[in-house]
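Report on the following structure.
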Amino acid sequence: MLLLSIETSCDETAAAIVQGGRTILSSVISSQVDIHAAYGGVVPEIASRKHLESIAPVITQALQDAGVGMEALEGVVVTRGPGLSGALLVGFSAAKAIAVARKIPFVGVHHIEGHLFASFLEQPVDFPFLALVVSGGHTHLYHVEGFGRYTTLGRTIDDAAGEAYDKCAKIMGMRYPGGALIDRMAQNGIPDAIRLPRPLLRDGTLNFSFSGLKTAVLQHVAKNPVAIPGQDADDLCASFQEAVCDVLAAKTEAAICQSGAMRLVVAGGVACNSGLRGRMATLCKKMGVDLSIPHPALCGDNAAMLAVPGDYYLSHGFFSSPSLDVTATWNMDSIKESLQ
Ligand code: KG4
Ligand code: ZN
């Protein structure tokens, strides 16, 4: 199907035109990050207003870049949740309006479903597989049996990995969101220069916790202020990254052992991280598991990724009703019931 995809769950207004859930004809991402950086994080009210300003131009641009007219569209896919309600509403209302006006079906999908299948835009992965989703709002391990058939094996009990990166970056005086900068600085630092905790490393569950690690960084900086640029800051970034990667790799290894998975997908904004990509490659080689991580350009929030599950749902008769609403919270495990 020729689909228009729309994503507005947080601070990116994005639209894409994708053919057959596979071929990206265009992908437009308008980021609000510079606006929110002044406040040290995403301000929901501002996010909604900026989405409202950007949604029509972004969709128009996606159609233009693809050389496609509205009349050629066969369906619309949009993020229904989770995310900021006001932000979600902008994309969801636009998707509904286009679908009703053009008399084509639309489907609302889970934001994390998009991340899960982003690598399918490059190379589809056989089901079942294990997935590690690491983003600003999620750090989850899922068993994926098929589209819509997800079981949570483990999750963060406090901060998400991306949230921990951004909070540590803020403690060190970096601009929001600081995940990518910590990654760059870590490459010049010594990973065992500073002793930091590995929370829940051997607790016997597949859950994660990152808030204690953030507190340890806060306490370290209170006693040893760091200047950027500087070797001390690079060492702290490298030590923090090593701690995050140690925990993510250990829990993923335990999940592979428990589930007997033969394939691993790593997805979400933090999947851009150079340390994590290297660790996952080493782990999968050791365990004889096939690894799939999207190109960094497809790891962060974008609309094209939604078209993979969207194409499956729409071509298998799973549509959303125009009376459906957005949902700020949404458990991935409950999706399978709605498909029965
Ligand atoms: O998936 P995403 O774009 O948005 C959410 O759904 O949350 O993820 C954004 C998160 C931010 O916390 C950002 O700091 C983090 O991904 N991030 C990184 C890197 N690039 C982005 N974290 C660590 N290393 C990176 N290279
Ligand atoms: Zn995301």
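Numbering of ligands and ligand atoms starts at 1, following listing order.
Shown here are the protein N/O/S atoms lying under 2.8 Å from the Zn ion (ligand 2), water excluded: His111 NE2, His115 NE2, Asp301 OD1.
When hydrophobic side chains of Ile, Leu, Val, Met, Phe, Trp and Tyr are connected at separations under 4.5 Å, Leu88 ends up clustered with Leu2, Leu4, Ile6, Ile17, Leu25, Leu52, Ile55, Ile59, Leu63, Val68, Met70, Leu73, Val76, Val78, Leu89, Val90, Phe92, Ile98, Ile104, Phe106, Leu324, Val326.
Every side-chain contact (heavy atoms from CB on, under 4.5 Å) that Asp311 has, sequence neighbours left out, goes to Met1, Leu3, Ser315.
The structure places CE of Met172 at 9.5 Å from CG of Asp232, a figure rounded to the nearest 0.5 Å.
Contact record, Leu130 with Ala261: CB-CB, 3.8 Å, taken as the closest heavy-atom pair.
Taking the six-membered ring where tryptophan is involved, the planes of His115 and His111 are perpendicular, since the angle between them exceeds 60° and thus also 30°. Classified by interplanar angle (parallel below 30°, tilted 30° to 60°, perpendicular above 60°), the ring pair Phe120/Phe117 is perpendicular.
Side chains of Asn273 and Tyr165: a donor on one and an acceptor on the other come within 3.5 Å.
Residues lining ligand 1 at a heavy-atom distance below 4.0 Å are given as His111, His115, Ser135, Gly136, Gly137, Gly162, Tyr165, Asp166, Pro177, Gly179, Ala180, Asp183, Gly268, Gly269, Val270, Cys272, Asn273, Gly300, Asp301, ordered by chain and residue number.
Side-chain rings of Phe319 and Tyr313 stay apart, their centers remaining 6.0 Å or farther from each other.
Using modelled atom types, no side-chain atom of Ser334 and backbone atom of Trp330 make a donor-acceptor pair closer than 3.5 Å.
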